[in-house]
Amino acid sequence: MSASITEVINVSVQEGGQLAARDNFNIVTIITGEQLGDLSTANRYSVHRDSASVAAAYGTSSKPHEFALAFFGTSPNPVNAGGYLIIGYWRSIDEDVAASSAILTGQQLSEVATIGNLQSISDGSFDVDVDGVTESITALDFRAVTTLVEAVALIDSALTGATATIDDQKIVVTSDTTGATSLITFFVPAASGTFVGDLFSLSDGSGATTVQGAAASVITAETKVDAVTALKASTNFRGGVFIDNPTDMESKDLAVWGQANNVLLYDVFSSADNLNIDPANVVWDIKLSSLSNYRMMFSAANNRKIAASYMARAHTVNFNAINSCLTMNLKELSVAAEDYTDTEIAKAKAVGLDIYTTIKLTPVLLTSGANDFTDNRYNLLAFVDAVQTDMFNVLKGTSTKIAQTREGVDKLIDQAEKTSRNFTTAGFIGAGRWSSP
């Protein structure tokens, strides 16, 4: 045997760990208060990249589909920039939760290894308590089985109070009853025969889990803030619209939440009073509170689909592209423009409401900077996230200490400059200082 080359040259390559990804600011949500399809407290959202999938999930006559048509009818929209639409769920009324069954779930199994061991067993056995009754299963002959499906079929046919299935290479045993009296235990050895509970990973200590049945219950309604909080914990959306029109109090609460959670929330106001500079006007209150992540539009017709189309158009920037940043001013939406007087337009701009109208018979969005501009908030949130993520990756991806020396600090500064140049190329920021208001 010849000597190893490592006697002369020994190479070791230290691989970097997994790095963090920047947030996708083109993931947005339209939130419904209806319990449609499979939406519920247990299943908060569904993902969509076209209106057809929304129709398939919730029906063509549903409100989510109506709003999805406005969303996907906007060009471009988030899907064109690597994003997608989430239909989110708000528990607007008390929700009935059906009674559940007791379930025993095993660990994932290797079919080859499990079948190889089973084929020598002709007297397989186990005991399991289902709904308080012990089922003693014996004389299971596995010698002819060739798949896990066949093995589970033998178990299922032997059980009388439960059903055995296989899901994701895991054996699942479910009680045939529901409610608080639906109970199940782990498999334990029977009085005779060869115990197969360990082999199927259905015994205590094998990695199996049990969930006992529960009676039907009612979950009380939640606030809109509760809904976006729960939804944000499930999926990291960065823009949101409620189909239901928030009350003034709800709008203020949502504005506070959006500011604290770096999420842009879009809302439509329709009362003539919303055009007034008045502390009693929630729009002016939100502006005075500097809650600039709450993006507000005016529609005398109370067309809330304006918010869906507006959001779709705003969340379309690819920050890795050249001059990709946009302004919402003069953009076209996929909803009907409305006619307003010059006085109404001036009031909307002063109070902080964007308005969709026509100029020379051409539909245009006129933006108000009173509560900052939507594109400025969107770009700034994306920039902050990019700097934080990229700087974190420098620290995590450096296997040695970053010294407190000029060389070490330069490594951090170089990354901050690189990220900033990325956003300069996209058209968000530029070198120098802008002194004009």
Side-chain angles (χ1 to χ4, degrees), residues 23-98 219 221-246 250-251 254 257-258 261-268 293-295 297 299 302-316 333-335 378:
D23 284 358
N24 186 341
F25 278 77
N26 298 330
I27 298 174
V28 295
T29 181
I30 293 174
I31 305 170
T32 177
E34 297 179 275
Q35 194 172 347
L36 300 167
D38 59 355
L39 288 180
S40 66
T41 301
N43 184 48
R44 281 279 177 179
Y45 69 95
S46 58
V47 174
H48 304 274
R49 289 182 171 83
D50 55 48
S51 59
S53 66
V54 178
Y58 307 114
T60 55
S61 61
S62 67
K63 284 291 185 181
H65 182 246
E66 290 180 21
F67 275 68
L69 288 176
F71 181 90
F72 290 110
T74 307
S75 182
N77 62 61
V79 174
N80 304 126
Y84 50 82
L85 172 66
I86 293 166
I87 299 297
Y89 174 67
W90 160 48
R91 192 172 64 248
S92 60
I93 59 175
D94 292 353
E95 180 182 324
D96 294 327
V97 179
I219 306 177
E222 64 186 358
T223 66
K224 286 183 170 69
V225 169
D226 289 337
V228 289
T229 301
L231 190 60
K232 188 72 164 58
S234 302
T235 180
N236 192 24
F237 69 92
R238 288 298 193 155
V241 172
F242 273 91
I243 292 176
D244 180 73
N245 194 359
E250 288 174 330
S251 292
L254 287 169
W257 183 91
N261 288 275
N262 297 324
V263 174
L264 300 179
L265 296 176
Y266 298 81
D267 200 357
V268 173
N293 285 352
Y294 206 68
R295 309 313 309 160
M297 291 117 255
S299 168
N302 195 26
N303 184 359
R304 293 194 58 76
K305 298 182 187 70
I306 287 178
S309 182
Y310 188 112
M311 178 176 69
R313 186 65 184 89
H315 291 253
T316 57
L333 305 179
S334 66
V335 294
Y378 169 86

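Numbers here are sequence positions counted from 1.
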Do we see a donor-acceptor contact under 3.5 Å between the side chains of S46 and Y58?
-> yes
Report yes or no: do R313 and T74 form a side-chain donor-acceptor pair below 3.5 Å?
-> no
For N24, what residues pass the side-chain contact (heavy atoms from CB on, under 4.5 Å) criterion, not counting sequence neighbours?
-> N26, I27
Quick one: closest heavy-atom pair of [X] and [Y], and the distance?
{"X": "T41", "Y": "Y89", "result": "N-CE2, 3.4 Å"}
{"X": "R44", "Y": "A227", "result": "NH1-CA, 4.0 Å"}
{"X": "A70", "Y": "S334", "result": "O-OG, 2.5 Å"}
{"X": "G88", "Y": "T29", "result": "N-OG1, 3.5 Å"}
{"X": "G33", "Y": "S92", "result": "O-OG, 2.6 Å"}
{"X": "P64", "Y": "E34", "result": "CD-OE1, 4.4 Å"}

Could you walk me through whether V97 and I219 pass the side-chain contact (heavy atoms from CB on, under 4.5 Å) check?
-> CA-CA 7 Å; V97 179; I219 306 177; 3.5 Å; yes
So does [Y] get a backbone contact from the side chain of [X], meaning a donor-acceptor N/O pair under 3.5 Å?
{"X": "N293", "Y": "L264", "answer": "no"}
{"X": "Q35", "Y": "E95", "answer": "no"}
{"X": "W90", "Y": "V225", "answer": "no"}
{"X": "T235", "Y": "L231", "answer": "no"}
{"X": "N303", "Y": "K305", "answer": "yes"}

Measure the [atom1]-[atom2] distance between [X] and [Y] for me, rounded to the nearest 0.5 Å.
{"X": "K232", "Y": "R238", "atom1": "NZ", "atom2": "CZ", "value": "5.0 Å"}
{"X": "R304", "Y": "N245", "atom1": "CZ", "atom2": "CG", "value": "4.5 Å"}
{"X": "N261", "Y": "F237", "atom1": "CG", "atom2": "CZ", "value": "8.0 Å"}
{"X": "Y45", "Y": "N43", "atom1": "OH", "atom2": "CG", "value": "8.5 Å"}
{"X": "D267", "Y": "M311", "atom1": "CG", "atom2": "CE", "value": "12.0 Å"}
{"X": "F71", "Y": "H48", "atom1": "CZ", "atom2": "NE2", "value": "11.0 Å"}

Around I93, counting heavy atoms of other residues, nucleotides and ligands shown, do more than 12 lie under 6.0 Å from its CD1?
-> no
Could you tell me whether K224 atom NZ has more than 12 heavy atoms of other residues or ligands within 6.0 Å of it?
-> yes
Does a side-chain heavy-atom distance below 4.5 Å link N80 with T316?
-> no
Any side-chain heavy-atom pair of L333 and I306 under 4.5 Å = yes
Go through the steps to decide whether L85 and I30 satisfy the test side-chain contact (heavy atoms from CB on, under 4.5 Å), and finish with yes or no.
-> CA-CA 7 Å; L85 172 66; I30 293 174; 3.7 Å; yes
I would like to know whether L254 and F242 meet side-chain contact (heavy atoms from CB on, under 4.5 Å); could you show each step before the answer?
-> CA-CA 10 Å; L254 287 169; F242 273 91; 3.9 Å; yes
Aromatic ring pairing Y310/Y266, orientation class (parallel under 30°, perpendicular over 60°, tilted between) = tilted
List the steps and the verdict of side-chain contact (heavy atoms from CB on, under 4.5 Å) for V28 and I86.
-> CA-CA 6 Å; V28 295; I86 293 166; over 6 Å; no
